[in-house]
Amino acid sequence: MKKIIVKDKLNRPLRDLRISVFDRCNFRCQYCMPADQFGPDFKFLPKSALLTYEEIERLAKIFVSLGVKKIRLTGGEPLLRKDLPVLVEKLSCINGLEDLGLTTNGVLLPKLASKLKEAGLKRVNISLDSLDDELFGKINGRGIGTAPVLEGIEAAEKAGLGVKINMVVKKGLNDLEIIPMAKFCKDNGLELRFIEYMDVGSTNGWKMDDVVTKKEIFHMLQEHFELEPLDAAYFGEVAKHYRYKDTNIKVGFITSVSESFCSCCTRVRLSANGQIYTCLFNGNGHDIRNFMRNGASDEEIAERISSIWNHRDDRYSDERTAETDNNRKKIEMSYIGG
């Protein structure tokens with residue numbers, strides 16, 4: 001297909017595609033899929049509702065033709081989807097795609113890291129919210145200690161994948177782990193990204209008082225490390241990056257609560273059941289699965305996606321107030337990934 005560039009109402013180009021391949025997860029993290037909401041009787045999507053790998057590949061090609069340069073696979077836990085390296089290989093062969101990554105809790109990486117690398121995956125973002133086994137088990141809702149995740153990190157590095165560590169920080173829960181995590185990642189040459197606790201979905205009981213801001217975290221780090229600011233690597237880069245002085249090791253901050261980056265947001269999200277979401281905080285999806293399954297051509301699908309993006313005016317984090325959390329329909333994180 002002919003490559004075109006589409007922009008939204010705020011002149012933001014379409015550059016990044018997050019694809020949720022599975023709505024299930026082997027963890028029950030408090031900020032994403034709390035166990036009291038996602039219990040044994042929770043009804044997950046049936047297999048027929050999930051996009052097939054061929055459908056994902058087809059849509060990904062169309063998105064790339066519209067300007068997407070980066071794809072990240074998410075979930076749920078994407079590594080739970082059967083034969084995921086098959087999908088990775090399909091996506092890695094798309095002409096014009098510059099980067100292909102994956103977000104995971106890391107537990108299944110010892111089995112899959114080498115296969116994913118061979119299939120064309122470039123990097124993984126691994127979630128690790130604490131180094132304390134008891135606290136980590138509490139956060140993930142399964143009582144699982146850190147060892148399986150640390151083994152996953154090691155397996156990813158051994159396979160030659162780029163590795164970033166994601167830490168969601170919640171006040172009163174794991175904010176005392178900020179410095180231990182920073183020291184661990186610095187000592188092991190890992191890029192750590194602190195993520196402000198976000199008001200995604202409605203099941204995590206989010207309150208502004210639970211947020212530890214980038215400014216607060218940065219002040220904590222300054223007491224132990226000397227940090228140097230880095231320029232954004234490209235338009236739309238989410239993380240604000242620094243590096244430890246006299247090293248090439250970076251630390252980043254995802255600041256969607258305290259320092260909005262809506263003005264340069266270039267991300268679109270494709271849910272596991274084929275809904276397009278133009279904002280992490282917007283629960284109004286656009287069905288593309290049934291449109292595709294009803295016989296739409298690639299050109300018609302491209303026109304539909306272009307129209308969705310052209311009409312996009314989302315800037316939730318710019319407009320967030322204490323009241324907006326109660327007044328806006330939002331989709332759960334497990335359906336569209338981070």
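If you're wondering where the values come from, they're calculated on a predicted model, not measured in any experiment. No hydrogens, no waters, no symmetry mates; every other heavy atom, side chains included, goes into these values.
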- Query: Quick check: are there more than 12 heavy atoms from other residues, nucleotides or ligands sitting under 6.0 Å from CD of Glu134?
  - Reply: no

- Message: What verdict does the side-chain contact (heavy atoms from CB on, under 4.5 Å) test give for Leu79 and Leu102, after you've listed the backbone C-alpha separation in whole Å, the side-chain angles of each residue and the deciding distance to 0.1 Å?
- Response: CA-CA 9 Å; Leu79 297 185; Leu102 178 145; 3.9 Å; yes

- Query: So does Lys171 have more than 12 non-hydrogen atoms from other groups sitting under 6.0 Å from NZ?
  - Reply: yes

- Item | For Val124 against Ala156, the heavy-atom pair lying closest together | CG2-CB, 3.9 Å

- Item | Partner residues of Lys240 under the salt bridge (Lys or Arg N to Asp or Glu O under 4.0 Å) criterion, sequence neighbours left out | Glu259

- Message: Is there a path of hydrophobic side-chain contacts, each under 4.5 Å between heavy atoms of I/L/V/M/F/W/Y residues, joining Val68 to Leu10?
- Response: no

Do any side-chain atoms of residues 286-293 form donor-acceptor pairs under 3.5 angstrom with protein atoms, and if so which ones, sequence neighbours left out?
{"unit_1": "Asp287", "atom_1": "OD1", "unit_2": "Gln275", "atom_2": "NE2", "d": "3.2"}
{"unit_1": "Asp287", "atom_1": "OD1", "unit_2": "Arg289", "atom_2": "N", "d": "3.2"}
{"unit_1": "Asp287", "atom_1": "OD1", "unit_2": "Asn290", "atom_2": "N", "d": "3.3"}
{"unit_1": "Asp287", "atom_1": "OD2", "unit_2": "Asn290", "atom_2": "ND2", "d": "3.1"}
{"unit_1": "Arg289", "atom_1": "NH1", "unit_2": "Ala49", "atom_2": "O", "d": "2.9"}
{"unit_1": "Arg293", "atom_1": "NE", "unit_2": "Glu55", "atom_2": "OE2", "d": "2.8"}
{"unit_1": "Arg293", "atom_1": "NH1", "unit_2": "Ser48", "atom_2": "O", "d": "3.0"}
{"unit_1": "Arg293", "atom_1": "NH2", "unit_2": "Leu50", "atom_2": "O", "d": "3.0"}
{"unit_1": "Arg293", "atom_1": "NH2", "unit_2": "Glu55", "atom_2": "OE1", "d": "3.0"}

- Looking at CG of Leu100 and CG of Leu91, how far apart are the two atoms once the value is rounded to the nearest 0.5 Å? 6.0 Å

- Work out which heavy atom in Ser92 is nearest to a heavy atom in Ala119; give both atom names and the distance. OG-O, 2.9 Å

- Query: Could you walk me through whether Asn26 and Glu77 pass the side chain to side chain donor-acceptor pair (under 3.5 Å) check?
  - Reply: CA-CA 7 Å; Asn26 45 358; Glu77 172 49 55; 5.8 Å; no

- So with a 6.0 Å cut-off around CG of Asn294, is the heavy-atom count from everything else above 12? yes

- Task: Begin from the C-alpha positions of Leu14 and Arg312 and carry the test side-chain contact (heavy atoms from CB on, under 4.5 Å) through to its verdict.
- Result: CA-CA 11 Å; Leu14 176 59; Arg312 176 191 190 233; over 6 Å; no

- Task: Mind checking salt bridge (Lys or Arg N to Asp or Glu O under 4.0 Å) for Arg142 and listing every partner two or more places apart, or none if nothing turns up?
- Result: none

- Message: Could you go through Leu221 and Phe253, starting from their C-alpha distance and side-chain angles, then the distance that decides it, and tell me whether this counts as side-chain contact (heavy atoms from CB on, under 4.5 Å)?
- Response: CA-CA 12 Å; Leu221 294 177; Phe253 300 86; 3.7 Å; yes

- Which of these passes side chain to side chain donor-acceptor pair (under 3.5 Å) with Arg72: Thr103, Asp99, Asp16? Thr103

- Return the set of residues passing ring-ring contact (aromatic ring centres under 6.0 Å, His included) with Tyr53 (not counting sequence neighbours), or none when no residue passes. none

- Task: Step through the shown structure and confirm whether more than 12 heavy atoms of other residues, nucleotides or ligands are within 6.0 Å of CG on Asp187.
- Result: yes

- Task: Sequence neighbours left out, what passes salt bridge (Lys or Arg N to Asp or Glu O under 4.0 Å) with Arg15? Give chain and number order.
- Result: none

- Task: Identify the heavy atoms of Arg81 and Leu51 that sit nearest to each other, and give their distance.
- Result: NH2-O, 2.9 Å

- Query: Nearest 0.5 Å, what's the CG-CD distance between Asn125 and Glu191?
  - Reply: 8.5 Å

- Message: Show, in sequence, the C-alpha distance, side-chain angles and deciding distance for Leu150 and Leu128, and conclude whether the side-chain contact (heavy atoms from CB on, under 4.5 Å) test is met.
- Response: CA-CA 9 Å; Leu150 297 177; Leu128 181 62; 4.1 Å; yes

- Query: CZ/Arg12 to SG/Cys262 distance, rounded to the nearest 0.5 angstrom?
  - Reply: 7.0 Å

- Query: If you look at every heavy atom in Phe194 and Val251, which pair is closest and at what distance?
  - Reply: CE1-CG2, 3.7 Å

- Query: Parallel under 30°, tilted from 30 to 60°, perpendicular over 60°: which one fits the rings of Phe218 and Tyr242?
  - Reply: tilted

- Message: Checking side chain to side chain contact (heavy atoms under 4.5 Å, CB included) between Glu177 and each of Val169, Ile139, Leu135, which is the one that passes?
- Response: Leu135

- Anything under 30° is parallel, anything over 60° is perpendicular, the rest tilted; go ahead and classify Phe42 against Phe44. perpendicular

- Does a sphere of radius 6.0 Å around NZ in Lys115 hold more than 12 heavy atoms from other residues, nucleotides or ligands, not counting ones at 6.0 Å or beyond? no

- Item | Non-hydrogen atoms of Glu157 and Leu190 that approach each other most closely | OE2-CD2, 3.4 Å

- Message: I'd like to check Lys90 versus Glu54 (side-chain heavy atoms, cut-off strictly below 4.5 Å). Are they in contact?
- Response: yes

- Taking the side chain as every heavy atom from C-beta outward, state whether Leu173 and Tyr197 have any pair of such atoms under 4.5 Å apart. no

- Check each of Asp129, Asp132, Asn140, Asp133 against Thr146 using the side chain to side chain donor-acceptor pair (under 3.5 Å) test, and report the only one that passes. Asp133

- Message: Any heavy-atom pair between the side chains of Thr278 and Asp8 that's under 4.5 Å?
- Response: no

- Task: Kindly give the heavy-atom pair with the smallest separation between Leu161 and Leu121, and that separation in Å.
- Result: CD2-O, 3.3 Å

- Got a sec: does the CD of Glu57 have more than 12 other heavy atoms crowding it under 6.0 Å? yes

Would you list the atom pairs, donor with acceptor, under 3.5 Å between side chains in residues 224-233 and any protein atom, with sequence neighbours excluded?
{"unit_1": "Glu226", "atom_1": "OE2", "unit_2": "Lys245", "atom_2": "NZ", "d": "3.3"}
{"unit_1": "Glu228", "atom_1": "OE1", "unit_2": "Arg243", "atom_2": "NE", "d": "3.0"}

